[in-house]
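Presented below is the structure to which this report refers.
Numbering of ligands and ligand atoms starts at 1, following listing order. One-based numbering along the sequence shown.
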Amino acid sequence: MAPAGLPLGRALLIFQLLACCLLALGDLARGSLLRVEPRDPVLLAGGTLVVNCSMDCPQPELLSLETLLEKVPAGHGVRWAAFQLSNITVSSQVFCSGYCNGSQMTATSEIMVFRFPETVELAPLPPWHPVGQNLTLSCLVAGGEPRAQLSAVLLRGEEELSRQPVLGEPAVVTATVLARRSDHGANFSCATELDLRPHGLGLFQNTSAPRQLRTFALPGRPLRLEAPPILEVGSSTQVRCIAHGLFPAPEAQVHMVLGGQRLHPTATSRGDTLTATATAHAHHEGSTDISCNVALGDESRQARKNLTVYSFLEPVVNLSEAMVAERSTVNVTCMAGPRTQVMLDGAPIPLLGQPAQLQLHATERDDGRHFFCSGTLEVDGLLLHKNTTVRLSVLYGPKIDRDKCPQHLVWKEKTTQVLRCQAGGNPAPRLQCLQEDSGNVVHVGIPFVVGLNYSGVYCCQATSPMGSATLPVEIDVRERNPARVSIVLGVLATLGVLTVAVALMFVFGSKSRRGSYPVARQSAFVPLTTMTPQETEAEEVP
Ligand SMILES: *[C@@H]1O[C@H](CO)[C@@H](O)[C@H](O)[C@H]1NC(C)=O
Ligand SMILES: *[C@@H]1O[C@H](CO)[C@@H](O)[C@H](O)[C@H]1NC(C)=O
Ligand SMILES: *[C@@H]1O[C@H](CO)[C@@H](O)[C@H](O)[C@H]1NC(C)=O
Ligand SMILES: *[C@@H]1O[C@H](CO)[C@@H](O)[C@H](O)[C@H]1NC(C)=O
Ligand SMILES: *[C@@H]1O[C@H](CO)[C@@H](O)[C@H](O)[C@H]1NC(C)=O
Ligand SMILES: *[C@@H]1O[C@H](CO)[C@@H](O)[C@H](O)[C@H]1NC(C)=O
Ligand SMILES: *[C@@H]1O[C@H](CO)[C@@H](O)[C@H](O)[C@H]1NC(C)=O
Ligand SMILES: *[C@@H]1O[C@H](CO)[C@@H](O)[C@H](O)[C@H]1NC(C)=O
Ligand SMILES: *[C@@H]1O[C@H](CO)[C@@H](O)[C@H](O)[C@H]1NC(C)=O
Ligand SMILES: *[C@@H]1O[C@H](CO)[C@@H](O)[C@H](O)[C@H]1NC(C)=O
Ligand SMILES: *[C@@H]1O[C@H](CO)[C@@H](O)[C@H](O)[C@H]1NC(C)=O
């Protein structure tokens with residue numbers, strides 16, 4: 001019992017001195033007559049306890065309890081006295097004392113107070129932590145008693161990473177772990193263990209809220225940016241950005257920019273490789289750049305490429321007139337944009353950016369001629385080509401090609417024939433052949449069956465708005481079986497019959513002498529079969 005007004009510390013000192021004296025005095029009687037119950041109890045801070053002092057003595061006197069704690073009598077008997085102690089917040093000793101037969105006795109009990117930690121908290125983890133770097137876990141533990149029985153455990157999931165005593169108030173317990181890829185998404189936590197098993201109580205755990213770790217790997221090697229060095233204004237191209245060794249690749253952020261304008265890439269990941277593809281449109285001529293940025297965790301990598309946007313007007317070939325008459329002058333001009341080198345077939349090579357010119361006197365051979373002009377533009381050391389051709393049309397009068405029109409034809413009656421003949425000219429002329437006598441028409445290039453009336457001289461005429469040309473063609477149609485051939489055939493047939501008659505007479509004559517031989521009769525007919533009129537006619541065909 002501390003006198004009122006004394007500070008707690010001093011009261012405690014006085015109490016301890018007093019306890020010493022009591023122990024010294026009552027040493028003899030200890031353990032025998034006076035008992036304290038419960039002995040050395042362990043209880044949760046703030047709890048209540050009834051302490052019973054009892055003495056094996058016929059007439060015990062002045063049984064009392066010495067304590068710093070608030071005590072309230074809780075009943076007594078002849079040989080005992082009980083006291084209730086409440087709001088026990090600190091560990092302390094209590095002493096029972098009493099007199100028996102005139103001598104003082106004491107007994108002591110150690111009250112141990114325990115309390116759970118008020119705070120067990122794992123310090124926040126960084127939002128992203130690089131793989132292969134040490135991560136320091138820090139756990140804050142406030143409160144908790146007795147410290148000798150308290151330890152802190154740092155956990156990765158269920159796995160114990162470190163176990164340490166809790167020192168200081170509040171205590172900070174740390175552990176270092178090497179972050180691995182497999183730690184991505186792992187839950188870290190911190191727990192305290194108050195082990196009161198030696199005191200007949202259990203093991204009490206308090207666990208912090210888990211914190212999830214996100215690990216990442218972004219190697220130092222540069223990104224690969226695939227983009228063409230030049231791009232024509234108004235066109236578009238595919239741009240690819242490739243990053244290797246990313247972890248976790250699907251969580252990487254990709255940004256692509258073309259000359260300050262954001263592109264909208266689509267990213268796909270496969271293993272540790274991320275590929276982003278975007279379509280870049282070139283809107284303005286000039287030098288610009290294209291960049292790709294891949295961010296993961298709190299780091300990023302960038303790649304950049306220069307891009308030249310150019311405009312290239314394809315060469316324009318201009319003919320002074322697209323359709324000219326023969327012998328007139330035609331000017332051919334080919335021009336393209338500035339800085340473009342044009343080259344026109346047959347024309348001298350002009351200066352850079354200047355048009356190429358050609359003058360010609362149109363002839364029949366120039367009809368259908370193609371003028372080819374190529375334009376070459378150099379952009380950043382690269383040569384680009386664009387080509388144009390234009391066709392010239394020269395108007396000229398009809399011409400019948402003697403080489404392609406046979407002027408003397410011999411045909412056989414009733415055979416199918418085609419009259420072949422060609423005429424040139426621009427515009428293409430109409431070709432017609434008329435029989436001079438009858439004025440009948442023979443169609444050129446169309447098959448027909450020849451009659452004898454087709455014989456004669458024809459006038460083939462090619463006509464176009466540019467004039468006309470004529471060529472005489474003679475056709476001779478021959479009869480199919482002329483009388484001459486029939487006479488020859490008749491003579492031959494007569495000769496044949498005579499030969500057969502002579503042969504038969506010879507055969508029958510010899511038969512009457514030697515008897516009948518059927519084999520010989522068969523052979524007698526052979527010459528008849530060989531002399532068919534068809535074969536005779538075939539020999540006559542020229
Ligand atoms: C105190 O102890 C005595 C003797 O052991 C017992 O008879 C008595 O009932 C106890 N009193 C209380 C309140 O427990
Ligand atoms: C218990 O004791 C503490 C100081 O040790 C005091 O602050 C608290 O008010 C007390 N509680 C009760 C219920 O008496
Ligand atoms: C108490 O003391 C008296 C003498 O003073 C003695 O005769 C007696 O035996 C003692 N009783 C016990 C229980 O020790
Ligand atoms: C991580 O910490 C351990 C000791 O805790 C040390 O041996 C190791 O070199 C550290 N590793 C890195 C990458 O800092
Ligand atoms: C970590 O905890 C979250 C919820 O708090 C859970 O969704 C996740 O699966 C846990 N991760 C592991 C690896 O257990
Ligand atoms: C600590 O754990 C005990 C039981 O193990 C529980 O009764 C107590 O409320 C816990 N304390 C905190 C702060 O969670
Ligand atoms: C890109 O162009 C700038 C000038 O505009 C030049 O300094 C730089 O070297 C070029 N980069 C590459 C990779 O060619
Ligand atoms: C082509 O040239 C002719 C005359 O030289 C000119 O009248 C015409 O405008 C030119 N056409 C083009 C497309 O330049
Ligand atoms: C062709 O060009 C020449 C000059 O180069 C010019 O005198 C002439 O009139 C041009 N002819 C035509 C048909 O445009
Ligand atoms: C244009 O012409 C040039 C030179 O004749 C040739 O090398 C190039 O392949 C051509 N380009 C195209 C697209 O036809
Ligand atoms: C020949 O006569 C036939 C009718 O028998 C006639 O159709 C044809 O046009 C004539 N041909 C010529 C070239 O006279």
Side-chain angles (χ1 to χ4, degrees), residues 1-2 4 6-12 15 43-50 67-72 74 83-94 111-116 118 143 145-146 169 222-231 239 241 256-260 280 282 284-293 301-310 316-335 342 344 346-351 354-363 366 369 371 373 378-382 390 392-395:
M1 295 282 284
L6 272 177
L8 187 70
R10 216 197 243 161
L12 198 66
F15 175 76
L43 79 157
L44 190 61
T48 299
L49 183 68
V50 173
T67 176
L68 270 176
L69 303 164
E70 254 178 70
K71 63 174 181 190
V72 180
F83 305 89
Q84 183 181 301
L85 306 177
S86 55
N87 196 17
I88 306 170
T89 53
V90 287
S91 295
S92 62
Q93 281 182 319
V94 291
I111 299 175
M112 191 173 93
V113 166
F114 72 89
R115 57 180 94 220
F116 300 121
E118 290 137 31
E145 265 186 86
E169 182 57 51
L223 305 177
R224 201 165 89 224
L225 181 59
E226 290 175 359
I230 60 172
L231 191 57
V239 180
C241 180
M256 283 165 105
V257 176
L258 167 64
H284 309 290
E285 203 179 334
S287 293
T288 182
D289 64 354
I290 194 152
S291 69
C292 173
N293 184 296
R301 300 284 178 269
Q302 203 177 34
R304 189 176 285 276
K305 264 196 173 181
N306 285 347
L307 178 74
T308 304
V309 179
Y310 65 91
V316 175
V317 186
N318 191 4
L319 297 170
S320 50
E321 272 177 283
M323 195 180 277
V324 293
E326 222 177 347
R327 286 181 294 282
S328 53
T329 304
V330 182
N331 287 351
V332 187
T333 320
C334 176
M335 51 196 144
V342 294
L344 177 65
I349 296 171
L351 293 172
Q354 296 295 310
Q357 272 174 322
L358 178 68
Q359 194 172 51
L360 76 146
H361 296 284
T363 65
D366 294 319
R369 179 170 161 187
F371 292 91
C373 183
E378 191 191 317
V379 181
D380 284 358
L382 295 164
V390 74
L392 177 68
S393 191
V394 179
L395 300 174

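- If you number the atoms of ligand 2 from 1 as listed, the ones under 4.0 Å from a heavy atom of Thr89 come out as 5 (O).
- Contact atoms of ligand 9 toward Gln359: 1 (C), 2 (O), 3 (C) (distance under 4.0 Å to a heavy atom of the residue).
- Within 4.0 Å of atom 4 (C) of ligand 2, not a single protein heavy atom is present.
- Within a 6.0 Å sphere centred on CD of Gln359, heavy atoms belonging to other residues, nucleotides or ligands number more than 12.
- Per-atom contact check: atom 11 (N) of ligand 2 touches the protein, criterion being a heavy-atom distance below 4.0 Å.
- Smallest separation of non-hydrogen atoms from Thr288 and Gly259: OG1-CA, 3.0 Å.
- Arg301 is not listed as a side-chain neighbour of Asn293, based on a closest heavy-atom distance of 4.5 Å or more.
- Residue, atom and distance of the protein heavy atom nearest to atom 2 (O) of ligand 7 are Asn306 ND2, 2.3 Å.
- Side-chain atoms of Asp380 and Thr308 include a donor-acceptor pair closer than 3.5 Å.
- Contacts between Glu321 and ligand 9 below 4.0 angstrom, taking non-hydrogen atoms only, are absent altogether.
- Dense packing is recorded around CG of Leu44, with more than 12 heavy atoms of other residues, nucleotides or ligands lying under 6.0 Å away.
- Protein heavy atoms are absent from the 4.0 Å sphere centred on atom 7 (O) of ligand 2.
- For the pair Leu43 and Ile88, the minimum side-chain heavy-atom distance is below 4.5 Å.
- Between Asp289 and Leu307, the closest side-chain pair of non-hydrogen atoms is not below 4.5 Å.
- Regarding atom 1 (C) of ligand 2, its nearest protein heavy-atom neighbour is Asn87 ND2, 1.3 Å.
- The option from Leu358, Asn331, Val332 that lies nearest to atom 14 (O) of ligand 9, judged by heavy atoms, is Asn331.
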